[in-house]
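Along the sequence shown, the residues carry numbers beginning at 1. None of the values given here were measured: they were computed from a predicted structure.
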Amino acid sequence: MSIIVQKFGGTSVADSNKILAAARKAIRAQKEGHQVVMVVSAMGKNTDKLIALAREIHPEPPSREMDMLLSTGEQVSVALMAMAIQSLGYQAVSMTGAQIGIKTDNSFMKARIQSICTERIRQALDAGNIVIAAGFQGVDDQFNITTLGRGGSDTTAVALAAVLNAQSCEIYTDVDGVYTADPRVVPEARRVKQISYDEMLEMASLGAGVMHSRSIEFAKNFRVPVHVRASFSDEPGTMIVEEPESASRAVCGAAIAKDEVRISVRGVPDHPGAANQIFQPIANRRIAMDMIVQNVGTEGEAEISFTISAGELSATLKALEEVKRTTPDAFQTLTYDDNLSKVSIVGLGMEQQVGVAEKMFQVIADKGINIEMISTSEIKVSVLVNQAQALDALRTVHAAFELEKAPEEVRVSAPSAQISDTEKVQMINRLEHMEDLLIESIDLDEKQARVTLFDLPQTPGLAARIFKRVSDAGLVVDMIVQSSGDHQTNLTFTVLRECAEGSLELARQIAEKLGCTSPETCPPVAKISLSGTGMRSHTTIASRILKTLAEGNVNIDMINTSEVRFNIVVAAKDGEKALELLKKELHDVIAE
């Protein structure tokens, strides 16, 4: 008999009527011949109320006690849901995370699932019960209650679907699927019928808000078809599977992360190991960094910028203060700007179409909005803009790529492709280390050269004007990073090596027109790309990479990151060496 996992979020169980409505959906699925596992969140705003109550008692509540407190919200929900199903004449049993058998590490409030023992769930299902599982929680080796972080019920649901080999995982929420943008701020946003795991990973981490990004990591790693649906209707919703909705579209969606902080560390010694001194203490605190940008060093010094969520600012500053105290020459100055938002576009089709980033820069420039920072990857372009202008930028970008229109050719929603016996064995082996980082590939590109423009004026439309000239010159750009100072900015991009001479001449012309420092060389570089799941949420990956290259005496020219990519640019002579060093260091997390 097939198993279906159904997850109901806080708004879907906010009162007794909604709990009964959710119970009826589970009963209907059981009557259709499925065994049903329900995963429920805390009711409504209950978690927020508990957090506020804790802070009335203690200004910085201990993480262990917060997990003990917050886990009670889901325990209320599972008990009430079991009662609701029993009141309708069907069997149900509620279970906490510990009773389910969810074992985690001991990172309180950000715990990762290590394994799940399914024996008790299967016994309850075989006895005819609908199993009601508490989302968001587990237990560590010392039997401490742990929680998985906000949105962790999604992760619980998909993880259970993976270990139970469920037919699908249905995520019931207050929206009827995944949209091309948040419909609450972009009324024209369109519900997509299907979205790929990689695209959804990027959208989730960039602020889309529909699902927890770690849950999509599980779905991708274990090939779990995820069906996002409305709690209060029978709309078809959105399937999250391996393939995108359309093969012809470059962009599938746009997202906004409203409360971003950019931290800029300047005067970093431009030699191997300098960046790792900065990132290691941050990673040790399990702080997820995004838009990591290291630009080319000048006069022996480099600049590193990265973004974090506003809620992590205090902990990040403490980490950097520790670096400065223990290693005074690690960097010269530190600044941050907490009045920024990140606007991003995502799409697997970007890899096949040129001019996507240029178009985004241009339409933002046409609105008179200044871009503070740029980071690109193969399937994502992100920019930082002033918070007050962010929604305007999002709506503008959404309209420019006509995301409100359905593509002409839409793939039929379907479960993931047939899994081979070898792949099944690999997945079973991973069940004992469920949330470990999984790198699918490490690739070396030795066909690129680097162009850097220094000391550019910070004016709206700057990136658009530069890349319009680059495009008109017929140059194909791969990586783009822009890091900004108080009044000036540096911008670096890579082109094919055979275009180096023309690119350098064009860069000189641009520099002369803008009155900034003229580039002298366009050196050949090597780009190493790591692809996989958890590249951002596994906070130690950056420090492992940087430490390994530092110990191998390999200096880094550029870095940019996304949810599924970590790209590094080094001197051409160091490409092969860097590749071998990283393969050796990361052999334990590279997919076989």
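Proximity of a side-chain donor or acceptor of Thr494 to a complementary backbone N or O of Met479 within less than 3.5 Å is detected. Looking at Thr517, its side chain never comes within 3.5 Å of a backbone N or O of Asp455 through a donor-acceptor pair. Remark: side-chain polar atoms of Arg497 are not paired, donor with acceptor, to backbone N or O of Pro523 under 3.5 angstrom. Between the Gln277 side chain and the Thr327 main chain, no donor and acceptor come within less than 3.5 Å of each other. Remark: side-chain polar atoms of Glu512 are not paired, donor with acceptor, to backbone N or O of Gln509 under 3.5 angstrom. At distances below 3.5 Å, not a single donor-acceptor pair connects side-chain atoms of Asn339 with backbone N or O atoms of Gln387. At least one donor-acceptor pair under 3.5 Å links the side chain of Lys577 to the backbone N or O of Gly552. Remark: side-chain polar atoms of Ser518 are not paired, donor with acceptor, to backbone N or O of Ala511 under 3.5 angstrom. Side-chain N or O atoms of Thr459 include none that pairs as donor or acceptor with a backbone N or O of Leu462 at under 3.5 Å.
Here Glu321 does not pair with Lys318 in a salt bridge; the nearest charged N to carboxylate O distance is not below 4.0 Å. Note on Glu188 versus Lys405: no salt bridge recorded, every NZ/NE/NH1/NH2 to OD/OE distance being 4.0 Å or above. Between Arg544 and Glu551, no side-chain nitrogen of the basic residue sits less than 4.0 Å from a carboxylate oxygen of the acidic one, so the salt-bridge criterion is not met. With respect to Arg285 and Glu322, a salt bridge is recorded, a charged nitrogen being found less than 4.0 Å from a carboxylate O. Taking the charged nitrogens against the carboxylate oxygens, Glu440 and Lys220 do have a contact shorter than 4.0 Å, which makes a salt bridge. The existence of a salt bridge linking Glu404 and Arg190 is excluded, since no basic side-chain nitrogen approaches an acidic carboxylate oxygen closer than 4.0 Å. Between Lys447 and Asp445 there is no salt bridge, since no side-chain nitrogen of the basic residue lies less than 4.0 Å from a carboxylate oxygen of the acidic one. Salt bridge status for Glu378 with Lys527: present, with a side-chain N to carboxylate O gap under 4.0 Å. With respect to the salt-bridge test (charged N to carboxylate O, under 4.0 angstrom), the residues Arg266 and Glu303 qualify.
Donor-acceptor pairing under 3.5 Å is lacking for the side chains of Asn221 and Glu217. Under 3.5 Å, the side chains of Gln482 and Asn490 contain no donor-acceptor pair of N or O atoms. Neither side chain, Asp443 nor Ser529, offers a donor N or O lying under 3.5 Å from an acceptor on the other. The closest side-chain donor-acceptor pair between Arg469 and Ser471, if any, does not fall under 3.5 angstrom. A donor and an acceptor atom, one from each side chain of Ser375 and Ser382, are nowhere located under 3.5 Å apart. A side-chain donor-acceptor contact under 3.5 Å links Glu199 and Ser196.
Atom CG of residue Leu384 and atom CD1 of residue Ile374 lie 10.0 Å apart, to the nearest 0.5 angstrom. Taking CD1 of Ile371 as the reference point, atom CD of Gln458 lies at 11.0 Å (rounded to 0.5 Å). Tyr197 OH to Ile195 CD1: the interatomic distance, rounded to the nearest 0.5 Å, is 12.0 Å. Note that CZ of Phe401 is 11.5 Å distant from OG1 of Thr396, once rounded to the nearest 0.5 Å. Taking NZ of Lys380 as the start and CG of Leu348 as the end, the distance is 14.0 Å to the nearest 0.5 Å.
Taking 4.5 Å as the limit, some side-chain heavy atom of Thr335 sits within range of a side-chain heavy atom of Ser264. In this structure the side chain of Arg465 never reaches within 4.5 angstrom of the side chain of Ile510, judged on heavy atoms. Side-chain contact between Ile480 and Phe361 is present, with at least one heavy-atom pair separated by less than 4.5 Å. Within the 4.5 Å cutoff, no side-chain heavy atoms of Lys324 are placed close to those of Leu334. When side chains are defined from C-beta on, Ile568 counts as touching Leu549, because their heavy atoms get closer than 4.5 Å. At least one side-chain heavy atom of Ile263 sits under 4.5 Å from a side-chain heavy atom of Leu313. Looking at heavy atoms from C-beta onward, Lys359 lies out of side-chain contact with Val397 at the 4.5 angstrom threshold. Annotation: side chain of Ser341 is not in contact with side chain of Glu260 (no heavy-atom distance under 4.5 Å).
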Could you walk me through whether Leu504 and Arg508 pass side-chain contact (heavy atoms from CB on, under 4.5 Å), step by step? CA-CA 6 Å; Leu504 181 59; Arg508 286 169 175 162; 3.5 Å; yes

For Glu202 and Val564: C-alpha separation, side-chain torsions, deciding distance, then whether side-chain contact (heavy atoms from CB on, under 4.5 Å) applies. CA-CA 7 Å; Glu202 296 290 1; Val564 296; 3.4 Å; yes

Would Ser215 and Thr155 count as a side chain to side chain donor-acceptor pair (under 3.5 Å) here? Give the steps. CA-CA 4 Å; Ser215 68; Thr155 302; 4.9 Å; no

Where do Glu358 and Lys468 land on the salt bridge (charged side-chain N to carboxylate O under 4.0 Å, His left out) test, with the steps shown first? CA-CA 7 Å; Glu358 176 203 336; Lys468 175 67 165 59; 5.7 Å; no

Show your working on salt bridge (charged side-chain N to carboxylate O under 4.0 Å, His left out) between Arg286 and Asp105 and close with a plain yes or no. CA-CA 13 Å; Arg286 303 296 177 96; Asp105 63 19; 3.8 Å; yes

One pair to check against salt bridge (charged side-chain N to carboxylate O under 4.0 Å, His left out): Glu312 and Lys110. What are the steps and the verdict? CA-CA 13 Å; Glu312 302 279 20; Lys110 297 179 183 179; 3.0 Å; yes

Set out, in order, the CA-CA distance, both residues' side-chain angles and the distance that settles side-chain contact (heavy atoms from CB on, under 4.5 Å) for Ile304 and Ile278, then state yes or no. CA-CA 9 Å; Ile304 298 173; Ile278 293 167; 4.2 Å; yes

Step by step, work out the side-chain contact (heavy atoms from CB on, under 4.5 Å) result for Arg112 and Arg214. CA-CA 9 Å; Arg112 285 187 172 278; Arg214 280 165 55 192; 4.0 Å; yes

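No more than 12 heavy atoms of other residues, nucleotides or ligands sit less than 6.0 Å from atom CD of Glu60. In the displayed structure, Glu446 atom CD is contacted under 6.0 Å by more than 12 heavy atoms of other residues, nucleotides or ligands.
For the pair His398 and Thr180, the tightest heavy-atom approach, listed with the atom from each and the gap, is NE2-OG1, 2.7 Å. Between Phe454 and Cys516, the closest heavy-atom pair is O-CB, 3.3 Å. Listed here is the closest heavy atom pair of Leu453 and Ala507: CD2-O, 3.5 Å. Nearest heavy-atom pair across Val554 and Ala578 is CG1-CB, 4.3 Å. When all heavy atoms of Val178 and Thr238 are compared, the pair lying nearest together is N-OG1, 2.9 Å. Here the shortest heavy-atom pairing between Thr489 and Pro457 reads CG2-O, 4.2 Å.
Judged as a side chain to side chain donor-acceptor pair (under 3.5 Å), and not counting sequence neighbours, the contacts of Asn284 are Gln280.
The aromatic rings of Phe467 and Phe493 stand perpendicular to each other, their planes meeting at an angle above 60°, with 30° marking the opposite boundary.
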